[in-house]
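A short write-up of the structure that comes next.
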Amino acid sequence: MSSRYKEFSTLNLPLTEAEILKQWEQNHTFEKSISQRSGASPFVFYEGPPSANGMPGIHHVISRTLKDLVCRYKTMQGYLVNRKGGWDTHGLPIELGVEKELGITKEDIGKKISVEAYNQKCREAVLRFKDKWDDITRKMGYWVDLNDPYITFKNEYIETLWWLLKQLYSKGLLYESVSIQPYSPAAGTGLSSHELNQPGTYKDVKDTSATVMFRALQNEQSKFLHDAVHGAEVFFLAWTTTPWTLPSNLGLTVGGSIDYVLIQTKNPYTQLPINVVLAEKLLPKYFKPEEEIKEDVDFAASQNAAAGVTAIPWRRVLQCKGKALEGLQYEQLLPYEANSIEEIKNITPEANPFRILLADFVTTEDGTGIVHTAPAFGADDFKVGKKYNIGILTMVDKQGKFVDGLGEFSNRYVKNYKDEEEFVDVNVDIAVKLKKENRAFRVEKYEHSYPHCWRTDKPVLYYPLDAWFIKTTAIKDRLVELNKTIQWKPKSTGEGRFGNWLENMVDWNLSRSRFWGTPLPIWKTEDGESIKCIGTIDELNNEIKLANEVLGADINKDYLHEGILDLHKPYVDEIILVSDTGQPMKRVPDLIDVWFDSGAMPYAQWGLDYEKLSTGHKHPFKLPAGVEKFEELYPASFIAEGVDQTRGWFYTLHAIAGLVFDTVAYKTVVSNGLVLDKKGNKMSKRWGNVVNPFETIEKYGADATRWYLITNASPWDNLKFDEDGIKEVQRKLFGTLHNIYQFFALYANVDGFNFSEQYIPVSERPEMDRWILSSLHTLIGKVTQYYDEYDPTQAGRAIEDFVGEQLSNWYVRLCRRRFWKGEYEFDKICAYQTLFESLETVVTLMAPISPFYTDAIYMSLNEVVKKGAPQSVHHVFFPKAEQPYIDTDLENRMKLAQDACSLILSLRKKQNIKVRQPLQKVLIPVLNPTMKAGLAQVENLIMAEVNIKEIAYLNPEDTFIHKKVKPNFVLLGKKMGAKMKAISTALSNFSQEEIQHLEMNGQVFMSAPAINETILLSEVEITAEDIPGWSVATGNGLTVALDITLTKDLKMEGDAREFVNRIQNIRKERGFELTDRISVTVDDNTNLKESLITFKNYICAEILADNFSWVAGLQGESVIEVNDNQLVVVVTKNK
RNA sequence: UGGUCUGUAGCUUAAUGGUAAAAGCAGUUGCCUUAUACGCAAAAUAGUAUUGGUUCAAAUCCAAUCAGGCCAACCA
């Protein structure tokens, strides 16, 4: 135990942090913070795994600070908070990175490089920046266990994923279906949404668009249409920008509540009379108002109109809602062998195509309000097509050309995918054919933005691809219900963004056709009749042997002895299983969505426990030492990530937990906003405005950075990152704290204070001490509440205010003398104990947010004062707000004193009178006895602080003061409502007599016609406004008047004080110790002699002078100036 | 395009629907110190993106618009 408090030189956060970090590592401070809580109730935290294949950025620092501070706080609250780290290691970004590095594309994999070698590369790339991540984790002070992290590419991890998938499969929640995905025929590959979001993907192109006519079948259901036009043909108009999808058409979709009209008109190309149906709102797009005909005329007669006449007369015949059209049938537009009804039924036996369907995605913005629906080539089309079971036709192959059996269009590319010079756009030919057949109503070029493949620059198609899905929609309602039990910060993300997402959820498309990821554990026979879903490695190994036994010789021969060693491609794909009927089964080549990896982390981080598995345990997962039940680790009490994870991790965690275990995965989730640059732009490498967290931490320290990130904006708001903000935190908060500590250490070392004296009960301490301790405990209460509400921003701001305003600027400043004056006895000990306690407590409150410097102070304090204190601030229990300490009245009257001082100082400033110059008197009007009593208790303080000799009070009944009255709007507003305006005006016009009357009687009846109400004294606020004839200042309901007369005595005292100040400066300049005694000699020839002699005793006491003498014509090195008088002095240190 | 969040002094943030919109930073002026120019004080700076509405009372509630962020999409 040291006997002296460590005294630091100037504040150097980065240096201090490095030392603390070393100590933490030597003393295993983090590990102990957990082991010390063993047996305590757990607070479960999940670490969202970062991907270590890129450099960490400042945005990682903010979300990790948030996680860290909650975990530290909960630890201090007495919980056991385990923090297992993890790494996300699969996924597209990693693959793309490797492809870029190797200079290859997806198509080259398996050709130029084997899948085995490629995956090996990925495995190496995955943890490329692990060192950097580990480094930032250390340096920023993020406490997480990185010794035993979960890693998503490990077999045990993948195995758990398989087990989960098998649970889903067994419940019938995992199924294969077709999904419509972006596909690049030129590159021969599907595109991920990530690839589609590359810049420049969407380009404006001009395409041939056609409004085409589908002929309605005449039957009972369509009678109302045909009757309206005397049995003539009726056509549905539909618009498309992709005529090549027309041979695959199987339906027409309308909006149920949209108004449609039947129009009698002529085909502009053939001039034949026709009747068409389209949305009423879109009539102006096709017909001119002036050409509308109201009466029933013979349209066929106008057929012979002169050539060149472009007018298209039209007439409304009938109007109906889309709902009325539902189920109407129409004739196939472009029938060929390949898309005959027999072929359609071949693919989908129960198909019932060529009907009108209802869906709510139909709008009346474009086209005709009737949407041509080809289920193969649009996600919406597919969805509505499936609902109505209209089948599916894919008349375009994977190269992007029409299939055989489409007549003249067979084998033609639908877009110029091969860069043919003679390319003739098949879309134009289709349009021409339809024009000739009286099936096109309008054909034109249409410019729109359309996605293109980023590799080949060719247009992308939406194409049906086989995929495996998780039937999340099956438990949609349950997921919505469970979500309501989750505490979201901010609330709106949970209710709005996440809630909406759940409401509009679709099944989870799990398939990815990539190479580096968790393989889908599903094997199928060639004919697809038989399917096996594998749940564990053991199960797979048994199946491997079984297949070898049944199918014979070479099957799985490499995997017979040790079983499978790596669950990745290509090995899993080499394994052939056998069906119950003896057929060989191959694995479905897909990988699963990486989001399943991270969403399954609550289970997979532990791995499967075979023993529990064999007994059918509900949670067959391994458990870390000391944990008895899985329930101690699940669900999470708290998780936090960026708001961009809403549809990512937050969703997959929620979905998997709901699907497999019917619970939530987390009880509280904080989604933090993004970090923008100081102009509010998103940080991106392209803009070069990315902030390097290493540099920031090195420059300003992790503590200041963390504090800034947390207190500048609420975590869920976006943060505009500005270095100047960190500087300010460093300077203001940490600088101030540092000075307070330094001040304490300096004097405590002089006096040898080490808290060995008995703890002095608060009630016995001086008012100032009771005040700061009361404020401190009020602060503890606030901070605890804010932390508990996951609102560290408010907690931090409250602490900042306390440290800066209360502790430093008021308590320490006013109490300085107590530390250096007088003997080491009661008052001094009180001061030390109080300041010690305040410092220790305040660093404890701050510790979760900025863990380093607070620990440095904590340790320094307790190196001298070891009251059996724990080794680190992170091991102590969070302070509790103790009611006995809290004295609200005291805090209020101190506030009064602070306000009074502030006002008096502002008056001094106005009059240009220095604080060192004493003044005689200040006048304060008091409005009620409470105020007077309060002020009276702090008047000594005020007088000392502003250097005034006396305070006089003006009583309420004193007519000397000008008062003003105004309503208390909160109270009166509710009661008076509409009369408020009149009351407010009337009150402001009150005379001084009326106000006094109100004060004496406690109420007043206002008889103005619009009011007629009695107003109570408690319902108004009376303020003193002015004291005629005095120099006054008003603020915060307080008024002060200053007597600025300078008497001779005051003047002399002022001189003395100035003199003291100059001598103190000399002491400091010469580097004297605080306790050194001195002798002072002053030149006899000065106007100040009278002042100095009068106050000689005071002066000597202040400057610790034993001798004070006068010499005429003194020569010396020090010439000082006191109130415009030059003066030579000689100061010498006494031996 | 849809959903959602945000918009307050030059900048960063405050303000249970309650009436001269509060701070800090930067700039200006002056000042203190046996902890502190990393400090203290003063003056100045906005009428709360816009437009309407509800209300005795709106930065705050409602609607629309505009701008920005995020998420999802881009489908005829």
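What you are looking at is a predicted structure, and each value in this text was computed from that prediction instead of being measured.
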Using a cutoff of under 3.5 Å, can you pull out all pairs of nitrogen or oxygen atoms linking the protein to nucleotides 18-24 of chain B, with atom names and distances?
{"from": "rG24(B)", "atom 1": "O3'", "to": "Lys732(A)", "atom 2": "NZ", "distance (Å)": "3.2"}
{"from": "rG24(B)", "atom 1": "O2'", "to": "Glu728(A)", "atom 2": "OE2", "distance (Å)": "2.4"}

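- A close approach under 4.0 Å does occur between a side-chain nitrogen or oxygen of Arg797(A) and OP1 or OP2 of rA14(B).
- No N or O donor and acceptor, one from the side chain of Thr736(A) and one from the base of rA35(B), sit under 3.5 Å apart.
- Applying the 6.0 Å contact sphere to NZ of Lys281(A) captures no more than 12 heavy atoms from other residues, nucleotides or ligands.
- Between the side chain of Arg813(A) and the main chain of Ser808(A), no donor-acceptor pair closer than 3.5 Å is present.
- For rC40(B), one of the phosphate oxygens OP1 or OP2 lies less than 4.0 angstrom from a side-chain nitrogen or oxygen of Asn809(A).
- Ser209(A) comes within 4.0 angstrom of no nucleic acid atom, judged by non-hydrogen atoms across all strands.
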_Could you spell out the base pairing of RNA chain B as a dot-bracket line? Use Watson-Crick and G-U wobble contacts where both distances are under 3.5 Å, [ ] for crossing pairs, | for partners on a different strand._
(((((((..((((....[...))))..((((.......))))......(((((..]....))))))))))))....

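- In this structure, Tyr741(A) does not reach the rA35(B) phosphate: none of its side-chain N or O atoms is under 4.0 Å from OP1 or OP2.
- Between the side chain of Asn249(A) and the backbone N or O of Gly251(A), at least one donor-acceptor pair lies under 3.5 Å.
- The shortest distance between the side-chain N/O atoms of Asn712(A) and the OP1/OP2 oxygens of rU13(B) is below 4.0 Å.
- Aromatic rings of Phe819(A) and Tyr832(A) (six-membered ring for Trp) have centroids within the 6.0 Å cut-off, being under it.
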